[in-house]
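All residue numbers in this chain count up from 1 along the given sequence.
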Amino acid sequence: MPKIYDCRDYSAEEIIELMIELYPALEHRENRRRIYVGATGNIAERLYRHNAEDKVIFCAQTAHQNVAAKVETLAHDYGFNIGDVKWGGNGTNSHSIYVYAYRITRDTIE
């Protein structure tokens with residue numbers, strides 16, 4: 001299980017900024033296209049479904065589903081991959097308080 005940062009006192013913008021601060025290569029927008037960002041209520045299960053358990057670069061717990069959903073939306077604005085943007089990403093539900101990011105490879109399932 002990856003390290004989960006406690007970001008319950010962070011805004012969505014601060015969570016994105018923390019991820020970029022922790023991974024300086026993400027300061028360059030072109031590097032963000034190969035990073036998938038999502039929100040979930042169960043990190044282990046979601047990473048398994050993405051086949052991304054060993055490709056995780058960031059996980060955080062947010063205060064509320066609304067924050068996690070906003071992180072996903074902002075991630076798209078910052079140039080990260082969030083899935084089908086027609087639907088605003090893959091969506092969240094009331095249990096989706098975690099955000100995660102992983103490196104997209106030919107083995108991952110977005």
Side-chain angles (χ1 to χ4, degrees):
M1 184 68 141
K3 174 182 175 137
I4 299 173
Y5 290 89
D6 183 352
C7 294
R8 289 176 285 183
D9 292 330
Y10 287 51
S11 69
E13 293 86 357
E14 291 170 323
I15 293 170
I16 296 282
E17 290 170 9
L18 174 62
M19 182 171 53
I20 292 170
E21 179 182 319
L22 291 170
Y23 301 94
L26 298 178
E27 291 178 11
H28 304 287
R29 189 175 181 94
E30 63 272 7
N31 293 336
R32 299 175 193 166
R33 292 180 302 209
R34 300 298 301 157
I35 303 295
Y36 184 94
V37 175
T40 187
N42 185 328
I43 290 176
E45 185 271 336
R46 186 59 57 96
L47 293 174
Y48 175 79
R49 286 181 37 202
H50 283 297
N51 194 34
E53 299 97 322
D54 61 341
K55 296 160 187 71
V56 177
I57 65 163
F58 183 78
C59 288
Q61 181 178 356
T62 68
H64 191 273
Q65 177 269 336
N66 291 341
V67 177
K70 178 141 184 168
V71 169
E72 191 176 44
T73 300
L74 280 175
H76 178 260
D77 296 343
Y78 274 74
F80 292 96
N81 184 322
I82 65 166
D84 189 350
V85 295
K86 174 174 62 174
W87 303 108
N90 294 325
T92 61
N93 62 39
S94 62
H95 302 291
S96 300
I97 61 167
Y98 299 99
V99 294
Y100 60 93
Y102 65 82
R103 289 177 288 103
I104 298 169
T105 69
R106 61 188 161 135
D107 301 324
T108 55
I109 303 163
E110 284 67 61

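For the pair Gln61 and Arg8, the minimum side-chain heavy-atom distance is below 4.5 Å. With a 4.5 Å cut-off on side-chain heavy atoms, Val56 and Tyr100 do not count as touching. Between Ile109 and Arg49, every side-chain heavy-atom pair lies at or beyond the 4.5 Å cut-off.
Nearest approach of Ala25 to Asn31, heavy atoms of both residues: O-ND2, 2.7 Å. Between Ala101 and Ile35, the shortest heavy-atom contact is CB-CG2, 3.9 Å. Residue Leu74 comes nearest to Ala12 through the heavy atom pair CD1-CB, 3.7 Å, listed as atom of the first residue, atom of the second, then distance. Nearest heavy atom pair, residue Leu18 against residue Cys7, reads CD2-SG, 3.8 Å.
Here Phe58 and Tyr5 bring their ring centres to under 6.0 angstrom of each other.
For the 3.5 Å distance criterion, the side chains of Glu13 and Tyr78 fail to qualify, holding no donor opposite an acceptor.
By the rule that hydrophobic residues join a cluster once side-chain heavy atoms approach within less than 4.5 Å of another member, Val99 and Tyr48 end up as members of separate clusters. Note on Leu22 and Ile15: same hydrophobic cluster, where clusters join Ile, Leu, Val, Met, Phe, Trp and Tyr whose side-chain heavy atoms are under 4.5 Å apart, directly or indirectly.
Partners of Asp107 under the side-chain contact (heavy atoms from CB on, under 4.5 Å) rule, at least two apart in sequence or in another chain, are Asn51, Lys55, Thr105.
The OH atom of Tyr102 sits 9.5 Å away from atom CZ of Arg46, with the distance rounded to the nearest 0.5 Å. Rounding to the nearest 0.5 angstrom, the gap separating the CD atom in Glu17 from the CG atom in Leu26 is 13.0 Å. From Thr108, atom OG1 reaches atom CG of Asp54 across 10.0 Å, with rounding to the nearest 0.5 Å. Interatomic distance, CZ of Arg103 versus CD1 of Ile57, reported as 8.0 Å (0.5 Å rounding). Summarising the geometry, atom CD1 belonging to Ile82 is positioned 5.5 Å from atom NE2 belonging to His76; distances are rounded to the nearest 0.5 Å. Here Glu14 contributes atom CD and Met19 contributes atom CE; the two are 14.0 Å apart, rounded to the nearest 0.5 Å.
Checked by atom type and distance alone, the side chain of His50 never pairs as donor or acceptor with a backbone atom of Ala52 at under 3.5 Å. Between the side chain of Ser96 and the backbone N or O of Gln65 there is no donor-acceptor pair closer than 3.5 Å.
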Run the numbers on Val37 and Asn81 for side chain to side chain contact (heavy atoms under 4.5 Å, CB included), then give the verdict. CA-CA 6 Å; Val37 175; Asn81 184 322; over 6 Å; no
